[in-house]
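As the structure is a prediction and not an experimental result, all values here were calculated from the model.
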Amino acid sequence: MKKLKKSEMLSRGQVEHVRSERNLLAEVDSRCIVKLFYSFQDSEFLYLIMEYLPGGDIMTLLMREDILSEDVARFYIAESILAIHSIHQHNYVHRDIKPDNLILDKNGHLKLSDFGLCKPLDDKYSNLLENENISTQEGINESEEHSASDKPPWLMPKEKLQQWKRNRRALAYSTVGTLDYMAPEVLLKKGYGIECDWWSLGAIMYEMLIGYPPFCSDEPRITCRKIINWRTCLKFPEEPKISSVAKDLICHLLCDVETRLGTRGVEELKVHPWFRSTQWDFLYELEAAYKPTVNGDLDTQNFEKFADLEGPPSTVPSVGPWRKMLTSKDTNFIGFTFTKSDVLKSMQSSGTDMKLNDSSKAPSLISLLGQIDLQETAISEGEQKPET
């Protein structure tokens with residue numbers, strides 16, 4: 001369950017982000033992305049109920065294994081390509097592709113999650129011209145793009161790399177967040193489109209095979225500089241050795257937009273020689289490259305345990321279903337409520353032939369959350385009950 005505080009969404013100007021996340025999850029029916037079963041709200045919070053995937057995330061896998069073999073990396077990069085393409089087909093750009101947003105199911109197959117920064121495009125070849133800052137609290141000046149072109153790259157000593165690895169999970173959930181997978185055009189706010197997601201995938205592939213992201217640093221500002229000056233700073237260490245064809249693919253993802261693979265369509269990624277043996281149409285039917293240890297559907301051993309950071313209970317009185325608690329704030333979130341059956345019913349009534357995956361059947365919300373009075377959620381959100 002993803003729980004979002006309404007007041008924070010409003011104060012941070014993230015209402016459209018929330019709406020885009022909910023719309024994408026409701027619109028895209030793909031086995032490559034985490035499924036949304038329900039969304040609803042009360043006076044303080046928005047709730048997204050999604051399928052639980054007990055296999056952990058790719059970040060946890062990398063922390064355990066340090067590096068992956070090319071065969072394992074190839075499998076998960078290929079499934080990531082299918083997942084990213086599934087949202088690009090619906091004209092959404094994810095903007096936050098990173099290892100902790102790539103989740104494994106109980107069989108080890110990958111699904112894309114966390115669409116909090118996704119954004120709809122008019123079409124998949126259009127650009128976003130951003131005024132908002134989705135990246136970092138520290139500013140990046142365009143003049144920095146070439147400020148170090150005549151200097152050696154910022155290389156991290158081995159002891160600092162080890163420290164970065166130890167702290168990687170804390171960095172991912174820090175206030176600033178991690179910038180290691182962000183494309184240079186996003187940092188420079190020059191306008192960007194779906195191709196920024198392919199850069200992020202290139203950075204993940206590098207980390208899978210080398211053991212750390214290509215531009216990592218213990219200072220966010222240095223990471224930004226490295227990414228902007230990628231021509232100077234993209235280096236491959238002598239160890240571990242990777243194949244020349246893997247290196248070629250990475251270099252054709254971590255490059256200018258004009259020459260980046262995927263910019264002109266997903267097929268140019270699929271035909272790259274590194275994927276020569278990949279059975280694209282059967283990836284999710286094949287045995288996964290890694291099988292997580294999972295003891296039951298509710299097993300959490302593949303996820304780290306975090307301290308409960310939630311504050312004291314709210315003093316706002318609960319006075320019944322959320323519909324009867326509408327305030328001026330809540331009008332921003334009208335239309336948020338969703339159940340999987342809503343889509344199925346509308347498609348059946350329109351005569352659409354929809355082939356559903358086995359996992360599309362939603363569990364009962366009562367079984368997930370206990371005995372809750374949900375009668376009001378059956379009322380259309382645009383209607384008000386007449387007073388008697």
Side-chain angles (χ1 to χ4, degrees), residues 1-3 30-37 48-84 86 96-115 162 164-173 178 180-181 201 203-213 240 242 246 277-280 282-309 357-363 367-369:
M1 179 171 75
K2 186 171 185 176
K3 183 178 176 182
S30 169
R31 60 186 174 181
C32 307
I33 72 168
V34 173
K35 292 191 179 303
L36 174 70
F37 291 130
L48 294 164
I49 306 296
M50 294 168 282
E51 66 175 325
Y52 174 58
L53 302 176
D57 57 32
I58 292 294
M59 178 184 283
T60 300
L61 179 60
L62 290 173
M63 291 172 71
R64 287 177 180 171
E65 304 294 328
D66 197 30
I67 61 172
L68 305 182
S69 70
E70 288 203 24
D71 286 339
V72 174
R74 182 184 296 109
F75 181 85
Y76 285 120
I77 291 296
E79 289 200 332
S80 299
I81 288 172
L82 294 182
I84 294 168
S86 71
D96 197 24
I97 303 293
K98 55 187 179 183
D100 36 325
N101 287 340
L102 302 173
I103 316 293
L104 304 181
D105 67 16
K106 64 182 179 181
N107 297 314
H109 286 282
L110 178 147
K111 295 195 179 191
L112 180 60
S113 71
D114 197 346
F115 302 94
Q162 293 305 316
W164 180 91
K165 288 183 178 183
R166 286 193 297 271
N167 296 334
R168 64 189 300 170
R169 182 68 78 171
L171 285 169
Y173 290 96
T178 178
D180 292 300
Y181 313 98
L201 189 64
I204 293 172
M205 178 178 168
Y206 182 105
E207 181 175 1
M208 285 179 171
L209 298 177
I210 301 299
Y212 49 87
I242 65 173
S277 61
T278 300
Q279 301 179 59
W280 291 100
F282 303 102
L283 275 177
Y284 282 84
E285 280 75 45
L286 297 173
E287 183 178 344
Y290 165 79
K291 183 69 182 282
T293 301
V294 176
N295 300 319
D297 290 339
L298 300 180
D299 189 2
T300 61
Q301 67 175 298
N302 293 303
F303 293 95
E304 291 188 55
K305 290 180 172 58
F306 295 94
D308 188 0
L309 300 178
N357 300 317
D358 293 339
S359 58
S360 293
K361 186 177 180 182
S367 70
L368 291 169
L369 300 178

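- The shortest side-chain heavy-atom distance between Tyr290 and Ile58 does not fall under the 4.5 Å cut-off.
- Scanning all heavy atoms of the two residues, the minimum distance from Cys32 to Ser86 falls at CB-OG, 4.4 Å.
- For Glu287, the CD atom counts as loosely surrounded, since its 6.0 Å shell holds 12 or fewer non-hydrogen atoms of other residues, nucleotides or ligands.
- Note that NZ of Lys3 is 11.0 Å distant from CD1 of Ile49, once rounded to the nearest 0.5 Å.
- Taking every heavy atom of both residues into account, Met205 and Ile77 meet most closely at CB-CD1, 3.7 Å.
- A salt bridge links Lys2 with Asp114: the closest approach of a Lys/Arg side-chain nitrogen to an acidic carboxylate oxygen falls below 4.0 angstrom.
- Under a 3.5 Å cut-off, the side chain of Thr300 and the backbone N or O of Phe303 do not form any donor-acceptor pair.
- Considering every non-hydrogen atom in both Lys35 and Ser30, the closest pair reads NZ-O, 3.5 Å.
- Just one residue in the list Asp105, Leu104, Asp299 forms a side chain to side chain contact (heavy atoms under 4.5 Å, CB included) with Val294, and that residue is Asp299.
- The shortest side-chain heavy-atom distance between Lys98 and Asp180 does not fall under the 4.5 Å cut-off.
- Contact of the Ile204 side chain with the Ser80 side chain is not registered, since no non-hydrogen atoms from C-beta on lie closer than 4.5 Å.
- Residues Ile103 and Glu51 have side chains not in contact (no heavy-atom distance under 4.5 Å, counting atoms from C-beta outward).
- In this structure, OH in Tyr76 is found 9.0 Å from CG in Leu68, a value given to the nearest 0.5 Å.
- Scanning both residues, Ala78 and Thr278, for their nearest heavy atoms gives CB-CG2, 4.0 Å.
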(message) Between Leu102 and Leu112, is the side chain to side chain contact (heavy atoms under 4.5 Å, CB included) condition met? List the steps.
(response) CA-CA 5 Å; Leu102 302 173; Leu112 180 60; 3.8 Å; yes
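- Expressed to the nearest 0.5 Å, how far CE of Met208 lies from CD of Glu70 amounts to 12.5 Å.
- Atom CG of Asn107 and atom CG of Leu53 lie 10.5 Å apart (nearest 0.5 Å).
- Looking at heavy atoms from C-beta onward, Trp280 lies in side-chain contact with Leu82 at the 4.5 angstrom threshold.
- A heavy-atom distance below 4.5 Å is found between the side chains of Phe75 and His109.
- Here the side chain of Asn302 pairs a donor or acceptor atom with the backbone of Thr293 at under 3.5 angstrom.
- Taken to the nearest 0.5 Å, the CD1 atom of Ile210 stands 4.5 Å off from the CD1 atom of Ile242.
- The CG atom of Leu110 sits 11.0 Å away from atom CD1 of Ile81, with the distance rounded to the nearest 0.5 Å.
- In this structure the side chain of Leu36 reaches within 4.5 angstrom of the side chain of Met50, judged on heavy atoms.
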